There are 2 protein chains.
Amino acid sequence: MRELGIGDLARKVKLRPSALRYYESLGLLPTARRVTGRRVYPASTLRRVALIKMAQRAGFTLAEIRQLLDTDADRGATKQWRTLAERKIPELDQFIQETQALRNAVADCLACGCMNFDSCQLLSYGTPEDDA
Amino acid sequence: MRELGIGDLARKVKLRPSALRYYESLGLLPTARRVTGRRVYPASTLRRVALIKMAQRAGFTLAEIRQLLDTDADRGATKQWRTLAERKIPELDQFIQETQALRNAVADCLACGCMNFDSCQLLSYGTPEDDA
DNA sequence: CTTGTGGTTCAAGCGCGCTTGAAGTCAAGG
DNA sequence: CCTTGACTTCAAGCGCGCTTGAACCACAAG
């Protein structure tokens, strides 16, 4: 199976066809080949949608993802992508750290037997004593 | 400074006063004490807002965070919070893994000198060969 | 007293990421 | 032939997380 209809693709990537059309309209997916008016996708689209979903989970907006994926492959795009990527890596790092902290906090808090997250004695990070 | 007005609090936590009022309206923050009609917050609110923001970044909805923080501290709430927390920990773990993967992918891709994320030779993960 | 600053409530609006509805096209099956 | 069902386009709608605007209130400085 080297090609997919929009329904098949949607089922595989667990999105609705409408979402895929929406992505196309935003330039997140290249304009699909049409066969008697219907979209037909190459199998490689699976990978692309997987990337989109992953980036999305990591907090990129669809507009940013569009830049990352560089659908139109225009001349300056490579540099654009590099700039965005360089900007995003430290953001991702910080994000990962924070999420780790939250995960551990939740786990510790469960272990300590406290009533709820807010009242847990173990938690102290993240309280801004600092700035004005 | 043990108590804060809404403007002070907003400045410290880097949110707008409107967001704090909104949180209160959702039950995310306890109904603030009023002094001649105006909200006055104890310093502990800083910590609470920090928790809210952290949980939010980790992909919890405000409704879920409300449950985690258990504002109303009702009888069954402790169990509710534990259930939610237990459900969320593996989600957070998976999320962290995925974000790590993305971070590394972006970094590798930058290093490999490819044109863009989609065309990078190094990337192969995340392609669903599996299910129907 | 007046003006300014920063609060209050409430309802409406906005941006994002889709979804839904209306109206139409096409291909296969009974 | 006629239905069924999956698709098409386009515009409008929705839920979330706030923001904004209108109308009002309270205290402080000039």
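Here the structure is a predicted model, which is why all the values come from computation and not from measurement. In what follows, chains carry the letters A, B, and so on, assigned in the order in which the sequence lines appear, proteins first and then strands, with residues in each chain numbered from 1.
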Between [atom2] on [N] and [atom1] on [X], what's the gap in Å once rounded to a whole number?
X: Glu64(B); N: dG15(D); atom1: CD; atom2: P; result: 17 Å
X: Leu4(B); N: dG6(C); atom1: CG; atom2: C1'; result: 15 Å
X: Glu24(B); N: dT9(C); atom1: CD; atom2: P; result: 7 Å
X: Leu20(A); N: dA6(D); atom1: CG; atom2: P; result: 16 Å
X: Lys14(A); N: dC18(C); atom1: NZ; atom2: P; result: 16 Å
X: Arg39(A); N: dA6(D); atom1: CZ; atom2: C1'; result: 13 Å
X: Arg34(B); N: dT9(C); atom1: CZ; atom2: C1'; result: 10 Å
X: Leu26(B); N: dC16(D); atom1: CG; atom2: P; result: 10 Å

Cluster link [X] to [Y], ILVMFWY, side chain under 4.5 Å:
X: Leu102(B); Y: Leu62(A); answer: yes
X: Met54(A); Y: Ile52(A); answer: yes
X: Phe95(A); Y: Ile65(B); answer: no

Atom CD of Glu91(A): over 12 foreign heavy atoms under 6.0 Å: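 Counting other residues, nucleotides and ligands, CD of Glu91(A) exceeds 12 neighbours.
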
Select one nucleotide: of [options], the one nearest the side-chain heavy atoms of [X].
X: Tyr22(B); options: dT8(C), dC18(C), dC18(D); value: dC18(D)
X: Arg16(A); options: dG17(C), dT8(C), dT19(C); value: dT19(C)
X: Ala19(A); options: dC18(C), dC18(D), dT19(D); value: dC18(C)
X: Ile6(B); options: dT19(D), dT20(C), dT8(C); value: dT8(C)

Comparing Arg21(A) and Thr36(A) on DNA chain C - which has the more 5′ nearest nucleotide: Arg21(A)

side-chain N/O Tyr23(B) vs dG17(D) OP1/OP2, d < 4.0 Å: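 No.
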
Arg38(A) vs dA6(D): side-chain N/O to OP1/OP2 distance below 4.0 Å: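 Result: no.
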
Leu28(A) backbone acceptor or donor facing Arg48(A) side chain under 3.5 Å: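 Here the side-chain-to-backbone pair exists.
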
